[in-house]
Amino acid sequence: MIYATIIGIALIAALGFFGRSKSLNSHTGWSIGNRTMSTVTTFFLQAGAIFTSFTFLGMSGLTVLGGVSAAYMPSYLIIGYIGMFLIGPLIWKLGKTFGYRTNADLIGHRFHSRALGRAVAVIAVVFFMPIVQVQIVGLGTMVSFATGRPHAGTISMVVATLLILGFVSWSGIKGVATTAYFKDVAMIVALAVILAGVLFADHGAGFMASVLDKAPNLLQIHPGTKAYGMVWYISSVIISGIGLGGMTLPESWPAVLSAEKSKAVSRNHVLLPLYTLGTFIPIILGFFAVRQGVVETGAENSAILTLAKNSLPGWLMGFVLISGIACAIVPAGHCVLSIATLISTNLVPERTAEHTKLSVGRISAAVILLLSLILSLLRPDLMANLYLLTYSGLAQVAPGNILAVTKQRFITAKGLAAGLLVGELIVIVFTVFGFSLWGVNTGLVGLGANLLVAVLVSLVTVRERDIPAVPALAQGERA
């Protein structure tokens with residue numbers, strides 16, 4: 001397994017470095033590939049957001065704990081892609097016209113408030129940062145489990161972080177896309193291999209009957225407000241679907257804005273729900289873990305690795321490990337690039353030159369990765385605990401993203417800012433202090449208050465009627 005770890009990390013890094021092209025010498029080329037990427041390339045970029053180390057490790061673990069409630073993930077993904085199908089092409093067209101690179105560009109320009117745009121950028125950076133650490137910790141967990149050596153996981157985290165920094169800085173979005181080709185195919189194949197191995201080893205003997213005997217509660221979503229119950233399921237699907245469909249995740253933007261044509265965006269969002277069906281495999285494997293009783297309490301996230309280790313020969317287990325490593329490294333690179341683009345685009349002085357933005361982006365990527373690595377080594381649970389805040393916090397930006405692509409003139413910048421502030425405060429306070437409103441997902445509670453405040457404040461404020469000039473970033477891009 002040590003050799004598989006070395007091969008996996010080296011392969012992903014090599015693909016990332018080879019993805020570089022001459023067009024990456026500008027900030028626009030580095031961050032969104034000069035808007036020249038094909039339908040196939042953008043598809044793999046977007047598909048890469050589905051399978052992360054959380055999907056690989058966490059989905060089976062969630063099934064062990066919550067049973068069929070784990071199906072909330074494919075449910076919200078399909079709903080989210082419907083939303084992205086509707087607004088993605090509009091965002092691409094506006095981005096092409098005005099030079100947008102982030103959702104902060106879109107909101108700041110359409111609501112003619114640079115301060116609002118910067119606030120959105122700060123929110124996106126803060127709430128999306130935990131995703132990077134989750135990938136790094138997930139990588140270490142996989143390597144430690146597969147090798148049986150905890151220190152091997154630590155070493156792999158350090159090496160992988162440095163290599164991610166290298167290929168993201170060197171190759172930008174095209175390096176991430178090149179690694180995504182391998183990762184998205186390998187992940188589906190690996191999951192299929194594990195499922196086939198488990199089925200062969202199990203001989204299909206009383207699969208669901210055994211689950212029904214051992215844990216019948218896992219085969220239904222229970223009514224009420226308890227953990228993984230109906231209220232949790234419905235509200236989690238809604239808020240996560242809104243977050244994805246409203247394109248609140250920073251990693252959604254490079255894949256859309258880098259496309260050569262708006263049709264590529266539309267086609268991808270038609271095909272992605274089919275690809276999403278692959279997320280049911282970890283759920284099925286989670287039920288196999290329950291049926292075989294191979295998972296100890298507190299080690300639910302290792303369910304899929306335990307099954308693979310028990311049912312596959314060593315060389316196939318090596319392939320699974322390489323695929324899992326790709327599932328951590330590639331999303332981490334994509335996330336870092338997205339956050340660094342927000343910083344270098346929206347959190348620098350207005351008239352910053354393009355070459356300076358490129359340098360700021362690369363430096364930001366280094367700071368983000370090194371900070372995430374340090375926290376992963378010293379406090380592996382710190383940002384993982386904040387992971388619950390990510391979707392709920394980012395979903396508060398959805399009204400701004402959606403309204404910005406319409407011709408509405410009612411919601412004002414002040415109204416949007418006030419609603420955003422209230423929504424984020426509710427999410428943070430409820431999460432930190434463990435409050436719950438009838439078991440409803442905290443993000444949905446915050447979003448309801450967000451919309452109410454936005455409407456009330458907009459009623460008493462006046463929005464300027466003039467659309468502002470094209471922002472400096474677009475002028476710089478065209479120059």
Side-chain angles (χ1 to χ4, degrees), residues 47-81 134 138 141-142 145 184 186-202 204-222 227-230 232-238 240-241 244 272-297 299-312 320 323-324 327-328 331 387 391 441:
I50 298 174
F51 285 110
T52 65
S53 59
F54 169 76
T55 312
F56 188 55
L57 298 176
M59 287 301 296
S60 294
L62 183 57
T63 304
V64 172
L65 293 172
V68 293
S69 295
Y72 95 96
M73 184 177 184
S75 301
Y76 89 72
L77 284 172
I78 293 173
I79 291 173
Y81 287 133
V134 168
T141 300
M142 284 184 278
F145 180 91
D184 292 333
M187 194 66 258
I188 291 291
V189 174
L191 288 173
V193 166
I194 297 172
L195 181 59
V198 170
L199 286 171
F200 180 80
D202 194 69
F207 167 38
M208 294 310 295
S210 297
V211 174
L212 187 60
D213 290 337
K214 289 189 174 183
N217 59 307
L218 296 181
L219 297 179
Q220 59 181 312
I221 301 176
H222 296 276
Y228 309 119
M230 187 62 71
W232 175 88
Y233 180 87
I234 294 176
S235 60
S236 294
V237 168
I238 292 173
S240 300
L244 181 63
L272 281 168
L274 296 175
Y275 185 82
T276 302
L277 294 176
T279 57
F280 282 103
I281 299 179
I283 296 175
I284 295 171
L285 291 171
F287 280 118
F288 266 108
V290 173
R291 178 241 189 276
Q292 296 180 6
V294 297
V295 181
E296 298 179 1
T297 302
E300 290 83 6
N301 287 340
S302 66
I304 196 169
L305 296 174
T306 302
L307 289 172
K309 195 170 185 179
N310 292 344
S311 59
L312 298 177
V320 168
S323 302
C327 229
Y387 189 90
Y391 272 86
N441 186 289

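Quick caveat: nothing in here was measured; it's all calculated off a predicted structure. In what follows, every heavy atom counts, from backbone to side chain, and hydrogens, waters and symmetry copies are set aside.
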Looking just at side-chain N and O atoms, do Tyr81 and Tyr76 make a donor-acceptor pair shorter than 3.5 Å?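 No, no side-chain donor-acceptor contact under 3.5 Å.
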How far does [atom1] of [X] sit from [atom2] of [Y], to the nearest 0.5 angstrom?
X      : Y      : atom1 : atom2 : value
Met73  : Ile78  : CE    : CD1   : 11.5 Å
Leu244 : Leu272 : CG    : CG    : 9.5 Å
Met187 : Thr279 : CE    : OG1   : 12.0 Å
Leu285 : Leu199 : CG    : CG    : 8.5 Å
Ile304 : Met59  : CD1   : CE    : 10.0 Å
Ser60  : Leu307 : OG    : CG    : 7.0 Å

Shortest non-hydrogen separation from [X] to [Y] and the atoms involved:
X      : Y      : value
Ala303 : Val64  : CB-CG2, 4.2 Å
Val198 : Ser311 : CG2-OG, 3.6 Å
Pro74  : Thr276 : CA-CG2, 4.0 Å
Ser323 : Ala186 : OG-O, 3.4 Å

Can you tell me if Ser240 uses its side chain to pair, donor with acceptor, with the backbone of Val237 under 3.5 Å?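 Judged by distance alone, no pair lies under 3.5 Å.
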Can you check whether Phe287's main-chain N or O pairs, donor with acceptor, with Thr63's side chain at less than 3.5 Å?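 Pair absent, no side-chain N/O of Thr63 close to backbone of Phe287.
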List the residues meeting side chain to side chain contact (heavy atoms under 4.5 Å, CB included) with Ser236, not counting sequence neighbours, and say none if there are none.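 Ser236: side chain to side chain contact (heavy atoms under 4.5 Å, CB included) contacts with Tyr72, Trp232, Asn441.
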Does Ile221 have any side chain to side chain contact (heavy atoms under 4.5 Å, CB included) partners at least two apart in sequence or in another chain, and if so, which?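 Expected list: Val68, Ser69, Met230, Tyr233.
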Criterion side chain to side chain contact (heavy atoms under 4.5 Å, CB included) on Ile238 and Ile234, from CA distance to verdict: CA-CA 6 Å; Ile238 292 173; Ile234 294 176; 3.8 Å; yes
Side chains of Ile188 and Asp184: closer than 4.5 Å at any heavy-atom pair?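 Answer no - side chains too far apart.
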Going by heavy atoms in the side chains, are Leu191 and Pro282 under 4.5 Å from each other?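 Yes; the side chains approach each other to less than 4.5 Å.
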